[in-house]
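The structure under discussion appears below in the form of structure tokens.
It should be emphasised that the depicted structure is a prediction, and the values quoted were computed from it without experimental measurement. Counting convention: from 1, in listed order, for ligands and their atoms alike.
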Amino acid sequence: MPDRLTLIAPDDWHVHLRDGVMLDKVVAHTARLFRRAIVMPNLKPPVTTTAAADAYRERIRSACPDDLDFEPLMTAYLTDSTDPADLEQGFLSGVFTAAKLYPANATTNSAAGVTDLQTISDVLSCMQRIGMPLLIHGELTDPTVDVFDREAGFIDQHLRPLLKRFPDLRVVFEHITTEEAVEIVTSTEANLAATITPHHLHINRNAMFAGGLRSDFYCLPVAKRERHRLALRRAATSGDPRFFLGTDSAPHSRESKETSCGCAGIFNAPNALESYAQVFEQEGALDRLEGFTSRHGPAFYRLPVNNQQITLERVDQLIPELVDGLVPFHAGEILSWKLSPCT
Ligand code: DOR
Ligand code: ZN
């Protein structure tokens, strides 16, 4: 068993950095671990235009401590009225790295999302033509569909038809939670990839109900049964380049989590890398960690891998109950890896 692990510096291919005071609190946690991050656009109001993304990128850069070398990669929030010309200009000028599909009302701040994929056909054609990745929150929004079936239903009702209509569209199925999602990624050719969060590798749906209602484990898509968690662990540690790191770190204040209608989201940024390392170690796959954290994502996004390195040391660390007033994932637990301060 190695006591030190040196990896190519990783990137986070899915994170919520928020804005204002929350951005100030959380950005350094991501920037300390990751050189680049795909930043979600579900602000209030959402980041729907190139100009808005450019301004948001500046706010992120100013909030980030000067000594951290961090590049935010911006995404466009698709709506029924997204202008393909603005999207194309934003992508070609390097402001946008990708565009995000939130089915309307699927999750936090998604009310302005897409009501019907048909309405954005022109946008999708444009993205296919210019090679702009589409990032998908893949859940049905019909409230009569069981919440645990929404991802699998989305695959059959929307994702398969979409991939047929746009065979060259580059798609990332975000934060997958089911074995059905693993299956469609592995059985589709190169254009479809998926991100996997630390929390979906660690917890199944029981975590939300262990001895009471535990809102700190509530996120969307919601964690599923154990067999799905095991399928995700196999996929993440398989070495298949179509699976890569995306934390979906999604901070909410304690007041908005611990209430009668708590927000969805798990704040895992402070120890995300250690959390993934623990999973890979448990699966006997530490030799595949670097692919998942640092190589597969850049390959899909057609970006160079980072030229810096980071080192993890085998040191037990107790995760605090609160980090900057927010409850972090693994609060009160011991993780057996720690980022070395000299990286
Ligand atoms: O748990 C989640 N939180 N899932 C999402 O899709 C959105 C995110 C957020 O923005 O809070
Ligand atoms: Zn997210």
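The distance between the ring centers of H16 and H14 falls below 6.0 angstrom. A centroid separation of less than 6.0 Å is found between the aromatic rings of W13 and Y301. Centroid-to-centroid, the aromatic rings of H228 and H200 stay 6.0 Å apart or farther.
Residue A250 has at least one heavy-atom neighbour below 4.0 Å for each of these atoms of ligand 1: 3 (N), 8 (C), 9 (C), 11 (O). Using a 4.0 Å cut-off to heavy atoms of H137, the atoms of ligand 1 that qualify are 6 (O). Listed by atom number, the atoms of ligand 1 under 4.0 Å from C219 heavy atoms are 1 (O).
For D66, the CG atom counts as loosely surrounded, since its 6.0 Å shell holds 12 or fewer non-hydrogen atoms of other residues, nucleotides or ligands. The number of heavy atoms from other shown groups lying within 6.0 Å of CZ (R59) is above 12.
Every N/O-N/O distance between H175 and ligand 1 stays at or above 3.5 Å. Between Y102 and ligand 1, no N or O atom pair is found at a separation short of 3.5 Å.
For the ligand labelled ligand 1, residue H252 lies inside the 4.0 Å heavy-atom shell. Judged by the shortest distance from any of its heavy atoms, R18 lies inside the 4.0 Å radius around the atoms of ligand 1.
The main-chain N or O of I8 is found under 3.5 Å from a side-chain atom of E290 such that the two form a donor-acceptor pair. In this structure, T237 contributes its side chain and R233 its backbone to a donor-acceptor pair below 3.5 Å.
Checking H16 against the Zn ion (ligand 2), an N/O/S atom falls under the 2.8 Å cut-off. Here E174 does not reach the Zn ion (ligand 2): none of its N/O/S atoms is less than 2.8 Å from the metal. The nearest N, O or S atom of H14 is closer to the Zn ion (ligand 2) than 2.8 Å.
The closest protein non-hydrogen atom to atom 9 (C) of ligand 1 is T108 OG1, 3.3 Å. Of the protein's heavy atoms, T107 OG1, 2.9 Å lies nearest to atom 5 (C) of ligand 1. Counting protein heavy atoms only, atom 3 (N) of ligand 1 is closest to A264 O, 3.0 Å. Counting protein heavy atoms only, atom 4 (N) of ligand 1 is closest to L220 O, 2.7 Å.
In this structure, F329 and H202 have perpendicular ring planes: the angle between them is above 60°, well past the 30° mark. Using cut-offs of 30° and 60° for the angle between ring planes, the H137 and H175 rings count as perpendicular.
Looking at D248 and the Zn ion (ligand 2) together, the shortest N, O or S contact belongs to OD1.
Annotation: cation-pi pair R225/F148 absent, no NZ/CZ under 6.0 Å from the ring centroid and within 45° of its normal.
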